[in-house]
Amino acid sequence: MLKLRQIQKAILAKLKEYYPDYKVYFDNVEKSRSPYFYVDMFVRTGIGDDTYFDKIVQVDIAFVPMPDKNNRINRAELYVMSDSLERIFRPVLRVEDRYITINDIEHTFIDEILHFIFNLEFTDAFTDEEVGIVQGEIMEELKLTVNHLDLKEEEDNG
């Protein structure tokens, strides 16, 4: 099974490969005096059976640029970063030994922050060890005997 932490590490490695001086946050953003990335992931798990299931992980990479000395954001910097992120993450993202195709990308600018959004859609499976963890291992068998009492017969005799 592909773990979310593995996806985070793959995204971090890609960003650090091209932007080694920029910080990348997944939570608890510190005040920064330089541009940085904030990565958020939303997970939806779809229908499957006991072992296989469909998974969609929506990734939102927010790029926060630094304002100039007049406290203004250079919007052109956001467009350049948007194009750069598309080149970095398309056509596939490698996570461990898997390659996940990125079909659609959304570029959104909100309050002078770039949101680079894409979905990782794949079918996943539990390993034999994980199936035991998820389904629980049988510790003991429980035998139950139920005595049947016919209430109508009891009333007739009573």
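Computed from a predicted structure; not experimentally measured.
- Transitive grouping of hydrophobic side chains (ILVMFWY, heavy atoms separated by less than 4.5 Å) keeps Leu85 and Val92 in distinct clusters.
- When hydrophobic clusters are built by joining Ile, Leu, Val, Met, Phe, Trp and Tyr residues whose side-chain heavy atoms come closer than 4.5 Å, directly or via intermediates, Tyr18 is grouped together with Ile105.
- Summarising the geometry, atom CE belonging to Met81 is positioned 8.0 Å from atom CG belonging to Leu114; distances are rounded to the nearest 0.5 Å.
- Sequence neighbours left out, the pairs with a member in residues 88-98 that pass salt bridge (charged side-chain N to carboxylate O under 4.0 Å, His left out) are Glu86-Arg90, Arg98-Asp124.
- Taking every heavy atom of both residues into account, Arg75 and Glu112 meet most closely at NH1-OE2, 3.3 Å.
- The heavy-atom pair separating Asn70 from Asp68 by the smallest distance is N-OD1, 2.9 Å.
- With ring centers used as reference points, Tyr19 lies under 6.0 Å from Phe37.
- Summarising the geometry of Arg33 relative to Met66, their closest heavy-atom pair is C-SD, 3.4 Å, with the distance given to 0.1 Å.
- Residues Val95 and Ala10 share a closest heavy-atom pair of CG2-CB, 3.9 Å.
- Taking the ring centroids of Phe109 and His115, they lie at or beyond the 6.0 Å cut-off.
- Considering all non-hydrogen atoms of both residues, Pro65 and Pro35 come closest at CA-CB, 4.1 Å.
- In the hydrophobic clustering of this structure, Val80 does not group with Ile61; members are Ile, Leu, Val, Met, Phe, Trp, Tyr whose side-chain heavy atoms approach within less than 4.5 Å, directly or through other members.
- In the hydrophobic clustering of ILVMFWY residues, with side-chain heavy atoms under 4.5 Å counting as a link, Phe118 and Phe63 come out together.
- Look at Lys55 and Glu121 and you find no salt bridge, because none of the NZ, NE, NH1 or NH2 atoms lies under 4.0 Å from a carboxylate O.
- Between Ile117 and Val59, the closest side-chain pair of non-hydrogen atoms is not below 4.5 Å.
- Considering only heavy atoms from C-beta on, Gln8 stays 4.5 Å or farther from Val39 through its side chain.
- Taking all atoms of both residues into account, the shortest heavy-atom contact from Ala62 to Ile113 is CB-CG2, 4.0 Å.
- Two residues are said to be in side-chain contact when any heavy atoms from C-beta on lie closer than 4.5 Å; Phe42 and Val57 fail this criterion.
- Within the 3.5 Å criterion, the main-chain N or O of Val29 finds no donor-acceptor partner in the side chain of Lys23.
- Shown here is Tyr99, whose OH atom has no more than 12 heavy atoms of other residues, nucleotides or ligands within 6.0 Å.
- Atom CD1 of Ile56 and atom CG of Asn119 lie 6.0 Å apart (nearest 0.5 Å).
- Connection of Leu120 to Tyr38 is not established within any shared hydrophobic cluster, with ILVMFWY side chains joined at heavy-atom distances below 4.5 Å, either directly or through further cluster members.
- A centroid separation of less than 6.0 Å is found between the aromatic rings of Tyr36 and Tyr25.
- The side-chain heavy atoms of Leu93 and Ile11, taken from C-beta on, include a pair separated by under 4.5 Å.
- In this structure, Leu2 and Phe122 have side chains that are in contact, with non-hydrogen atoms separated by less than 4.5 Å.
- Heavy-atom contacts from other residues, nucleotides or ligands closer than 6.0 Å to NZ of Lys16 number more than 12.
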